[in-house]
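Reading through the structure tokens given below for one structure.
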Amino acid sequence: MAKCGKCGKKGLFLKLVNGLCRDCQQTKMEIKPVSPIPARNIFMPTVITKPVNADFCNFNIPEYVLKLLWFADGKYKNYTPQNQLRFSKEFIEITVTFNLDEPSLISVTNPIAVTVNNIDQIPRPPYFPRYDALTPEQRYIYLKFLENPFNGETDVGYVFLFYYGLERHLYAGSFNSAFEIILKLRQIYKNNSFQNYSFAALAITSLARGRFDLFEKLIAEYNEAELPLGINFLLLTKIYNQKELTADELMRYARRFEFTNTKYIKEYPGLFKSTLLNLLKDIGNIYPYKFLKNAHPQTYKINAFANTSIVAETNIPDYINIFKFKMECYSVLESTHEKVKAELKINRNQYEKVKTKKEPTIIPEESDYPSIEYYLNCELPIKEGELSYNEHPIHCQHLRYCVAIEEIYKDRIYPKALNHVIELCKKDIELVIKYGTNPAVGDLNFESFKRLVIIYEKQKEYQKCIDICQSALKIMEVNCNNPFNLYYGQYLMEKLNSLKTKLK
């Protein structure tokens with residue numbers, strides 16, 4: 001029995017032309033294109049009986065973008081489900097498992113509603129968007145975004161959807177092209193989640209493929225800041241390329257070498273750097289590969305991908321905790337510190353001290369400060385691109401805790417506000433411990449764990465901090481697919497190691 005692909009009419013003797021009955025075919029012939037400019041016609045959108053301004057549109061998607069999209073069907077079909085891949089390059093090993101369907105997968109059968117005048121009224125994509133779950137209007141916006149993905153004006157949800165497909169190319173497609181596109185997107189879209197996820201994916205895949213040229217191109221963005229995933233990634237490329245640690249890197253990561261007296265690094269950075277360079281010239285540079293090449297460090301696992309269909313379990317060597325290497329770096333920094341101290345004792349007036357202005361602390365009256373119930377019951381702003389509600393009541397309660405904590409923490413100058421934050425963190429931690437491994441609830445983040453660790457560490461409650469870190473990491477081991485594990489897992493693991501040294 002034949003069936004019209006548009007109106008749904010059925011009949012044994014129904015004649016179809018291009019999948020349409022005679023009436024629908026006649027209607028189609030009467031439609032005129034919106035623009036006379038010739039363009040690559042990828043989609044023939046379904047006519048939607050909603051307030052739209054056109055029934056037909058062409059998308060001028062550039063060839064270099066088109067080649068990086070994943071299609072389930074149609075002329076450009078290129079998607080074939082995969083099972084598992086493994087990459088190994090000396091000290092890095094990645095096992096990639098593909099599950100579910102690719103979220104960015106495009107089907108030409110999905111309806112598209114042409115939207116021109118009411119774009120601002122269309123809801124933003126959900127957290128962890130999927131192309132097949134977008135509304136017809138959202139699909140139109142997404143495909144228009146692909147015409148120029150570097151305009152910098154599109155909601156980050158559409159950027160993530162495009163990025164999901166690029167992540168798959170890093171493993172199972174056009175690696176070089178995807179890498180360059182992601183680098184360019186990083187320069188334009190500064191969303192924290194996007195920056196962290198994209199850095200992790202690019203760093204891991206470039207190192208696993210032995211493309212140290214690309215890795216160095218990536219970390220060049222951080223010439224004056226610490227890398228998002230820590231010093232171990234920097235040490236990996238130093239080992240592979242047999243390069244020395246620079247004076248800037250030694251100063252930047254001083255605390256990771258257990259050198260905590262950074263007073264002169266902050267106040268006299270120029271003097272400290274010149275003194276350090278002279279010392280390295282005398283005793284020789286520090287080459288990490290000499291200490292770490294044949295070392296056998298412990299490893300930690302991270303899942304560095306935002307794409308929910310990719311589980312990439314990566315074993316990262318924990319080089320920074322190789323004692324001999326760490327002590328070598330520490331001794332150089334300590335010697336430099338003593339030389340700077342001696343120089344300042346004699347010639348302090350010759351050097352300009354870097355001053356940091358601090359506003360005077362004023363403790364306001366807090367008698368009228370709102371109660372916890374006020375924050376939990378009022379409508380609080382949800383950070384765009386960071387939090388979104390789903391229908392499960394436990395997940396809703398968790399997110400309300402997170403937003404309330406963030407709002408109250410801004411007023412931590414009030415002792416009462418800080419007590420509110422501690423109480424809410426404890427409530428949310430209890431909730432995450434109880435439901436964090438329940439897939440029906442959804443993915444719960446670990447912001448309360450991180451926030452309470454920060455507060456307790458300032459109060460020198462180190463054992464409490466250790467207990468909190470261990471509780472969170474235990475949940476992450478059970479629910480390894482939680483997308484929040486990447487950021488919070490790395491932070492809490494590093495914090496746990498530093499806290500243990502403080503208790504000794």
query = When you measure from the side chain of R124 to the backbone N and O of Y158, does any donor-acceptor pair fall under 3.5 Å?
reply = no
task = Salt-bridge test for K474 and E477: reply yes if a basic N is under 4.0 Å from a carboxylate O, no otherwise.
result = no
request  = Would you give the length of the straight line joining atom CG of L69 to atom CD of E102, rounded to the nearest 0.5 angstrom?
outcome  = 10.5 Å
Atom of S448, atom of C425 and distance for their closest heavy-atom approach = O-SG, 3.8 Å
task = Would you sort out whether F257 and I320 count as a side chain to side chain contact (heavy atoms under 4.5 Å, CB included), showing the intermediate values?
result = CA-CA 8 Å; F257 303 123; I320 188 58; 3.6 Å; yes
ask   = Within a radius of less than 6.0 Å around NZ of K67, do more than 12 heavy atoms belonging to other residues, nucleotides or ligands occur?
value = no
Working for side chain to side chain contact (heavy atoms under 4.5 Å, CB included), residues Y253 and L333 = CA-CA 11 Å; Y253 293 98; L333 291 167; over 6 Å; no
inquiry  = If we count only N and O atoms by modelled type, under 3.5 Å, do the side chains of E447 and Y488 hold a donor and an acceptor together?
reply    = yes
ask   = Measuring from R451:CZ to Y456:OH, what's the distance to the nearest 0.5 Å?
value = 14.5 Å
inquiry  = Can you tell me if K345 has over 12 outside heavy atoms packed within less than 6.0 Å of its NZ?
reply    = no
query = N261 and E334: side-chain donor and acceptor closer than 3.5 Å?
reply = no
query = Can you check whether Y189's main-chain N or O pairs, donor with acceptor, with Q195's side chain at less than 3.5 Å?
reply = yes
query = Under 3.5 Å, is there a donor-acceptor pair linking the side chains of T308 and R130?
reply = no
key: Residues F179, F175; criterion ring-ring contact (aromatic ring centres under 6.0 Å, His included); working and verdict   = CA-CA 6 Å; F179 195 99; F175 170 78; 5.7 Å; yes
request  = Would you indicate whether the side-chain heavy atoms of L344 and E267 approach each other to under 4.5 Å?
outcome  = no
query = Does the side chain of K500 come within less than 4.5 Å of L496's, by heavy atoms?
reply = yes
Flag side-chain contact, heavy atom, 4.5 Å: I239 against Y319 = yes
Reported CG-to-CZ distance for the pair L105 and R168, which is rounded to 0.5 angstrom = 8.5 Å
query = Cut-off 3.5 Å, side chains only: do D318 and N321 have a donor facing an acceptor?
reply = yes
query = Do the non-hydrogen side-chain atoms of L143 and L146 ever get within less than 4.5 Å of each other?
reply = yes
task = Ignoring hydrogens and angles, tell me if any N or O in the side chain of N78 forms a donor-acceptor pair with the backbone of W70 under 3.5 Å.
result = no
task = Test side chain to side chain contact (heavy atoms under 4.5 Å, CB included) on L245 and N285 and set out the steps.
result = CA-CA 7 Å; L245 281 173; N285 290 315; over 6 Å; no
query = Between the side chains of Y142 and Q138, does any donor sit under 3.5 Å from an acceptor?
reply = no
ask   = What are the two closest heavy atoms between P103 and S309, and how far apart are they?
value = CD-OG, 3.7 Å
Whether N196 side chain and N192 backbone form a donor-acceptor pair below 3.5 Å = yes
request  = Please lay out, stage by stage, how E249 and K243 fare under the test salt bridge (Lys or Arg N to Asp or Glu O under 4.0 Å).
outcome  = CA-CA 12 Å; E249 289 163 347; K243 290 185 176 181; over 6 Å; no
ask   = Are I188 and V159 side-chain neighbours, meaning at least one heavy-atom pair lies under 4.5 Å?
value = no
request  = For the residue pair F160 and Y163, categorise the inter-ring angle as parallel (less than 30°), tilted (30 to 60°) or perpendicular (more than 60°).
outcome  = perpendicular
query = Going by the angle between their ring planes, with limits at 30° and 60°, are F150 and Y64 parallel, tilted or perpendicular?
reply = parallel
request  = Mark yes or no for whether N191, through its side chain, and F194, through its backbone, hold a donor-acceptor pair below 3.5 Å.
outcome  = yes
request  = For residues I394 and N438, determine if any side-chain heavy atom of one lies less than 4.5 Å from a side-chain heavy atom of the other.
outcome  = no
message = Working note: I433 + F449, criterion side chain to side chain contact (heavy atoms under 4.5 Å, CB included); need CA distance, chi angles, decisive distance, verdict.
response = CA-CA 10 Å; I433 290 175; F449 292 81; 4.2 Å; yes
inquiry  = If you compare all heavy atoms of L202 against all heavy atoms of S206, which two are closest, and at what distance to 0.1 Å?
reply    = O-OG, 2.7 Å
inquiry  = Is any side-chain heavy atom of P149 closer than 4.5 Å to one of V65?
reply    = yes
query = For residues N419 and E423, is any side-chain donor paired with an opposing acceptor at under 3.5 Å?
reply = no
query = Considering only heavy atoms from C-beta outward, does the side chain of I429 approach that of Y401 to under 4.5 Å?
reply = no
query = Which distance, rounded to the nearest 0.5 Å, do you find between the OH of Y330 and the CZ of F325?
reply = 15.5 Å
message = Check whether H169 reaches the backbone of L68 with its side chain - one donor and one acceptor, N or O, closer than 3.5 Å.
response = yes
inquiry  = If you compare all heavy atoms of L218 against all heavy atoms of R186, which two are closest, and at what distance to 0.1 Å?
reply    = CD1-NE, 3.9 Å
ask   = Under 6.0 Å from the six-membered ring centre of Y491 and within 45° of its axis: does the NZ or CZ of K450 meet both?
value = yes
remark   = Rounded to the nearest 0.5 Å, the NZ atom of K458 sits from the SG atom of C465 at a distance of 11.5 Å
message = If you compare all heavy atoms of L279 against all heavy atoms of V332, which two are closest, and at what distance to 0.1 Å?
response = CD2-O, 3.6 Å
task = Report yes or no: does E147 contribute a side-chain atom to a donor-acceptor pair with the main-chain N or O of N60 at less than 3.5 Å?
result = yes
ask   = So among Y264, Y351, Y268, which one has a side-chain hydrogen bond (donor to acceptor under 3.5 Å, both in side chains) with E343?
value = Y351
ask   = Could you state the interatomic distance from CG (L161) to CD1 (I106), rounded to the nearest 0.5 Å?
value = 7.5 Å
request  = Keeping the roles fixed (side chain from H337, backbone from K263), state whether a donor-acceptor pair exists under 3.5 Å.
outcome  = no
request  = Please name the pair of heavy atoms, one in C469 and one in K495, separated by the smallest distance, quoted to 0.1 Å.
outcome  = SG-CG, 4.2 Å
